[in-house]
*Asks:* 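Once you've had a glance at the structure underneath, I'll fire off some questions.
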Amino acid sequence: MFGVYRNQPRSRHQGKCYGGNRFSHFRKGRCPNRKNAKFIMEYLKSELTNTAVHAIENLFGFRPEKLDWQLTRKEFSGDLTLVVFPFTRYSKLSPEETGQAIGEVMEQNNAWVDGYNVVKGFLNLEISPKFWVKSLADMAKSNQLVRPVSNPTGVMVEYSSPNTNKPLHLGHIRNCLLGWSVGNLQKAIGNNVYRVQIINDRGIHICKSMVAWKLFAGGETPENTGLKGDHLVGKYYVVFDQKYREEIRELIDKGVDETEAKDTAPIMVAAREMLRKWEEGDAEVMKLWETMNGWVYQGFDATYDAMGVSFDKNYYESNTYKLGKSLVEKGLQKGVFYREADSSVWIDLSDVGLDKKILLRSDGTSVYMTQDVGTAVQRFEDFDIQRLIYTVGNEQDYHFQVLFEILKKLGYSWAEGLYHLSYGMVDLPTGKMKSREGTVVDADDLIREMKETAAAVSAELGKTEGLATAEKEDINRIIGLGALKYFILKVDPRKRMTFNPEDSIDMQGNTGPFLQYTHARIKSLLRKAETSPGISENISPEKEEIEVVKTLLRFSDVVHQAAEDNSPALVANFIYDLVKTYNGFYQNHSILRNENPEITAWRLSLSEQTARVINFGLDLLGIESPERM
RNA sequence: GGUCCCGUAGCUCAGCUGGAUAGAGCAACUGACUUCUAAUCAGUAGGUCACAGGUUCGAAUCCUGUCGGGAUCACCA
């Protein structure tokens, strides 16, 4: 049976880095209630909807099911726009006349509507400045920025899930940042979140590292070399591969054919023997295995810590790989599975457009799928959860399609709550990352380089002069990581993305540091202010200020949408929008140097709420907001 | 070959249940720091939304097909 290990077994996370898709049957099915799909302040919308529905009913004798509201585009005057095309068949009027008729009634009947104009089939309503002033005041008073869901559920998020034979790389970074942020999003809307990973700690890959270490390391340890544990083990995985290829070449030179050479190279034979002993529970092998995995976990912990991600529970494949066998028995009895003549067990999913899939080998052992069936059941027993989100690259789309289908057929009601957060590869300009060609971007290296870049930019701009070294370093860490995380998270998860290690990640424009900078600048403003932020009824806000309020009011809906779509990118793009809008205001209006203290107080309040939303939003992405930079 | 994902400015990306003249950043060019942090702001230039049909008052968005890129279809994980 060992002959089947032709290559390193793949894990949840492979050497390649990964683009998601949204094919999931469940994606569309599970959220029929999409009334919040438009990021428009609910309150105003519902107020206006009532008025508009009445107006349409009285005018045209027909009651619309729902209205199409959108924020008025900048090039037109007005704040909110109602699309009236759908009503023309009832009004028997032109789109312009229809809009005029509705607009007139709305202006008369709704206190928030100050005026209106109609362009083609678009009714643009002008909302009273009082509304925006009131909204900001409400926001400043409220202690929550995101409306909680009415019935919270338990949500488990799985991410990272590495192999234990080499360090984490850029692909894991995307995976971890996505998983972490998706967990944050669920939490933000009020769900209970459990974060887990499944660690592929057994199998031929770790045996390769073990064999190579035993043969060539001369007793090297993380302690006596100063190497991070995961890098040390990864080093010997590379050594194994080099040695293995040497041996194959030698055998081929002696006239052995290639297939046989690959099969009989002594170091590979030794690795297989080690795996066999591991499966028997051989004491010496187990001890080495535990030691080397221990090194790896220490290394992983350091990287997770640097990334700012953590887990509530780790699952280990050495514990779970036999799970699921008893469930197969159950499935056989129910007739969900069937047994072939050679006694292997299968499921036929051709009724749902999928193939046949094996669940037990003819020798009775589990496969990846069996294990995942077992682990899923285990997790729903371990935790009070209704949903389980797997953050795994899109190369495993098919696997999860089959997995979810199997669990449904086994009759688990929670199977409807399974979701594969399928994300795209991270490519290099030259194509895929390949460990053999040494083009893998190491996570630790990348994080370190980002901090160095931040330090260099900081020094060049002279921004942190006069601060203590420790504080400078902390700021550089926050900015460097912010740049990296935002760079990755602003992209739609399911799309593949290109990363060029030659260009360092930018710190200007649509970047993490730009958002952080805006936050730091507001904080500085608030420190310097002699007036406290506050709201006066008499304020008549400027155009730029209203734009900021409008943007702030979208936040809750954006977070809900992002949680529903499992897309941190929506939050990232929103914060960028907010910051652009705020900076437009900041650059054009003086805040502290203002003769009217009421205006200063209002602008400080606007700024304070903006900083609050930036801070909260960045936190959802796992990005810290510096007080100064 | 079957199935699935992707294709928007030179580059990296937005564009939400179909809505107005498809938007940002980078790179290029022009302007704004004795004034709250210029890691900023304002502006110029840059597009047959891969292509062809269809549905619709209206399509980058939905449907069909074609082309291009990728993934997957193991008694591997």
Side-chain angles (χ1 to χ4, degrees), chain A residues 1 4-12 14 16 18-23 34-35 37-39 66 68 70 72-73 75-76 81 83 85-86 88-89 95 119-122 124 163 200 203-205 317 321 340 342 344-346 353-355 358-363 365 367-369 371-372 393-399 401 422 424-425 427 432 457-458 460-461 463 479 487 490-492 494-498 500 503 506-511 513-514 516-518 520-522 524-525 528-529 558 561 565 569-570 573 576-577 580 583-584 586-588 590-594 603 607 628-629:
Chain A
M1 69 173 279
V4 304
Y5 291 115
R6 287 192 298 269
N7 294 305
Q8 175 197 353
R10 295 199 235 159
S11 73
R12 277 290 152 66
Q14 315 213 327
K16 305 180 254 180
Y18 264 84
N21 70 47
R22 58 191 344 170
F23 72 90
R34 295 180 60 89
K35 67 181 175 192
K38 292 275 183 191
F39 305 146
K66 63 176 183 183
D68 189 358
Q70 50 192 274
T72 305
R73 294 179 64 108
E75 55 269 36
F76 301 98
T81 295
V83 182
F85 288 108
T88 52
R89 49 191 288 222
V119 181
K120 293 198 234 170
F122 299 91
N124 302 320
N163 281 344
N200 185 10
I204 193 72
H205 60 291
E317 293 201 349
Y321 79 111
E340 282 286 351
D342 64 2
S344 58
V345 177
W346 297 74
L354 302 171
D355 266 334
I358 192 162
L359 280 122
L360 286 183
R361 297 191 185 100
S362 48
D363 65 3
T365 53
V367 295
Y368 183 52
M369 186 63 75
Q371 168 189 263
D372 256 347
N394 67 359
E395 60 177 354
Q396 294 193 44
D397 285 353
Y398 185 73
H399 172 76
Q401 238 180 319
S422 164
M425 305 209 291
D427 283 323
K432 288 177 200 167
V457 173
S458 221
E460 194 187 326
L461 296 171
K463 293 282 187 174
I479 295 171
F487 179 81
K490 76 172 178 187
V491 180
D492 184 339
R494 69 206 155 87
K495 288 195 175 174
R496 42 191 312 162
M497 59 184 293
T498 310
N500 190 348
D503 318 341
D506 250 312
M507 305 246 168
Q508 288 179 352
N510 186 357
T511 66
F514 172 44
Q516 292 172 318
Y517 172 75
T518 305
R521 200 163 59 175
I522 293 174
S524 162
L525 200 61
K528 284 185 182 161
V558 170
Q561 186 72 43
D565 290 358
L570 296 179
N573 289 314
Y576 178 65
D577 236 20
K580 285 279 289 179
N583 284 340
Y586 178 92
Q587 210 78 20
N588 285 300
S590 156
I591 296 164
L592 299 181
R593 316 234 161 200
N594 198 297
R603 288 182 178 168
S607 301
R628 62 191 86 226
M629 64 185 272

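Convention: sequence-line order gives letters A, B, ...; per-chain numbering from 1.
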*Asks:* Using atom P of each nucleotide, how far apart are B/A50 and B/A45 to the nearest Å?
*Replies:*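 Going atom to atom, P in each nucleotide, I get 24 Å.
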*Asks:* When rounded to the nearest Å, what value does the distance between C1' atoms of B/C6 and B/G19 take?
*Replies:*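 Result for the C1' pair: 25 Å, nearest Å.
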*Asks:* Report the nucleotide, chosen from B/U72, B/G19, B/U40, that has the shortest atom-to-atom distance to any side-chain atom of A/E395.
*Replies:*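 The answer is B/U72, which lies nearest to the side chain.
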*Asks:* Distance check, C1' atoms only: B/U17 and B/A77, in whole angstrom units.
*Replies:*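 Roughly 38 Å separates the two C1' atoms.
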*Asks:* Could you write out RNA chain B as a dot-bracket string, with dots for unpaired bases, | for bases paired across to another strand, and Watson-Crick or G-U pairs counted at under 3.5 Å?
*Replies:* (((((((..((((.....[...)))).(((((.......))))).....(((((..]....))))))))))))....
*Asks:* So which nucleotide from B/A77, B/C36, B/C73 ends up closest to the side chain of A/V367?
*Replies:*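 Nearest to the side chain of A/V367 among the choices is B/A77.
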*Asks:* I'd like to check, for A/Y576, whether its ring lies over the base of B/A24 with centroids under 5.5 Å apart and a plane angle smaller than 30°.
*Replies:*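 No.
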*Asks:* Using the P atom as the reference point in each nucleotide, state the distance between B/C49 and B/U21 in Å, no decimals.
*Replies:*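 To the nearest whole Å, 15 Å.
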*Asks:* Nearest to the side chain of A/Y517 - B/G15, B/U21, B/U37?
*Replies:*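 For A/Y517, the side-chain atoms sit closest to B/U37.
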*Asks:* Rounding to an integer number of angstrom, what distance separates B/U72 and B/A59 when you compare their P atoms?
*Replies:*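 My reading of the P atoms in B/U72 and B/A59 gives 38 Å.
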*Asks:* Side chain of A/S524, heavy atoms from C-beta onward: which of B/U21, B/C13, B/U37 has the nearest atom to it?
*Replies:*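 Nearest to the side-chain atoms of A/S524, counting from C-beta on, is B/U37.
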*Asks:* Measuring from the side chain of A/L592 (C-beta onward, heavy atoms only), which nucleotide among B/C36, B/A77, B/A14 has the closest atom?
*Replies:*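 Minimum distance to the A/L592 side chain belongs to B/C36.
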*Asks:* Between B/G69 atom P and A/K495 atom NZ, what is the distance in whole Å?
*Replies:*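 In whole Å, B/G69 P lies 19 Å from A/K495 NZ.
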*Asks:* Quote, to the nearest angstrom, the C1' distance that separates B/C5 from B/A9.
*Replies:*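 That atom pair is separated by 24 Å.
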*Asks:* Ignoring hydrogens and geometry beyond distance, is a side-chain donor-acceptor pair present between A/D565 and A/Q561 at under 3.5 Å?
*Replies:*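 A/Q561 and A/D565 do have a side-chain donor-acceptor pair below 3.5 Å.
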*Asks:* Please give, in whole Å, the distance from B/C36 P to A/Y586 OH?
*Replies:*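 Going from A/Y586 (OH) to B/C36 (P), I get 7 Å.
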*Asks:* Cut-off 3.5 Å, side chains only: do A/D506 and A/T511 have a donor facing an acceptor?
*Replies:*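 Checked: A/D506/A/T511 side chains show no N/O donor-acceptor pair below 3.5 Å.
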*Asks:* Answer yes or no: is there an ion pair linking A/D363 with A/R361, defined by an N-O contact shorter than 4.0 Å?
*Replies:*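 Salt bridge: no.
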*Asks:* Contact class for A/T498 (heavy atom, under 4.0 Å): base, sugar-phosphate, or nothing?
*Replies:*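 Touches sugar-phosphate only.
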*Asks:* Between B/C11 and B/A20, how far apart are the two C1' atoms, rounded to whole Å?
*Replies:*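 About 30 Å, rounded to a whole number of Å.
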*Asks:* Classify the side chain of A/N583 and the base of B/A38 as holding, or not holding, a donor-acceptor pair under 3.5 Å.
*Replies:*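 Flag unset: no donor-acceptor pair detected.
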*Asks:* Would you say A/Y576 and A/K490 make side-chain contact, with heavy atoms under 4.5 Å?
*Replies:*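 A side-chain contact is absent here, since even the closest heavy-atom pair is not under 4.5 Å.
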*Asks:* Supply the atom-to-atom distance A/D427 CG to A/M497 CE, rounded to the nearest 0.5 angstrom.
*Replies:*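 So the CG of A/D427 and the CE of A/M497 are separated by 10.0 Å.
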*Asks:* In B/S/- notation, 5' to 3', how is nucleotides 28-35 of chain B contacted by protein heavy atoms closer than 4.0 Å?
*Replies:* -------S
*Asks:* State, to 0.1 Å, how close A/T88 and A/P95 come at their nearest heavy-atom pair, and which atoms those are.
*Replies:*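 So the two residues come closest at CG2-CA, 3.7 Å.
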*Asks:* May I have the distance from A/Q70 (atom CD) to B/G18 (atom P), rounded to whole angstrom?
*Replies:*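 Roughly 12 Å, once rounded to whole Å.
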*Asks:* Mind checking the P distance from B/A14 to B/A74? Whole angstroms is fine.
*Replies:*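 Looking at atom P only, B/A14 and B/A74 are 32 Å apart.
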*Asks:* From CD1 of A/I204 over to C1' of B/A77, roughly how many Å is that when rounded to an integer?
*Replies:*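 That distance rounds to 13 Å.
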*Asks:* If you compare all heavy atoms of A/L359 against all heavy atoms of A/V367, which two are closest, and at what distance to 0.1 Å?
*Replies:*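 Minimum heavy-atom separation between A/L359 and A/V367: O-CG2, 3.7 Å.
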*Asks:* Which nucleotide, B/C36, B/U40, B/G23, lies nearest any side-chain atom of A/R73?
*Replies:*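 Of the options given, the side chain of A/R73 lies nearest B/G23.
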*Asks:* Write down the distance between CZ (A/R496) and P (B/G68), rounded to a whole number of angstrom.
*Replies:*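 Taking CZ of A/R496 and P of B/G68, I get 17 Å after rounding.
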*Asks:* What integer distance in Å separates A/R494:CZ from B/C16:P?
*Replies:*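 Distance check: A/R494 CZ to B/C16 P gives 11 Å.
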*Asks:* Write down the distance between CG (A/N124) and P (B/A20), rounded to a whole number of angstrom.
*Replies:*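 The distance from CG of A/N124 to P of B/A20 comes to 12 Å, rounded to the nearest Å.
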*Asks:* Quick one: label A/T81 by what it contacts on the DNA or RNA (base, sugar-phosphate, nothing), any heavy atom closer than 4.0 Å.
*Replies:*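 A/T81: base contact, heavy atoms under 4.0 Å.
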*Asks:* Ignoring the backbone of A/R361, work out which of B/A38, B/C76, B/C36 is nearest its side chain.
*Replies:*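 Side chain of A/R361 sits closest to B/C76.
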*Asks:* Within the stacking criterion (centroid distance below 5.5 Å, interplanar angle below 30°), does A/F85 stack on B/G58?
*Replies:*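 Per 5.5 Å and 30° rule: no stacking.
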*Asks:* In terms of side-chain heavy atoms, does A/Y368 have a donor or acceptor partner in A/Q396 at a distance below 3.5 Å?
*Replies:*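 Per modelled atom types, A/Y368 and A/Q396 side chains form a pair under 3.5 Å.
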*Asks:* Would you mind reporting whether A/R73 and A/N124 have side-chain heavy atoms less than 4.5 Å apart?
*Replies:*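 Sidechains of A/R73 and A/N124: no contact.
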*Asks:* Tell me the interatomic distance from A/E340, atom CD, to B/A74, atom P, rounded to whole angstroms.
*Replies:*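 Rounding to the nearest Å, CD of A/E340 and P of B/A74 are 14 Å apart.
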*Asks:* Out of B/C13, B/C73, B/G23, which nucleotide sits closest to the side chain of A/Y398?
*Replies:*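 Of the options given, the side chain of A/Y398 lies nearest B/C73.
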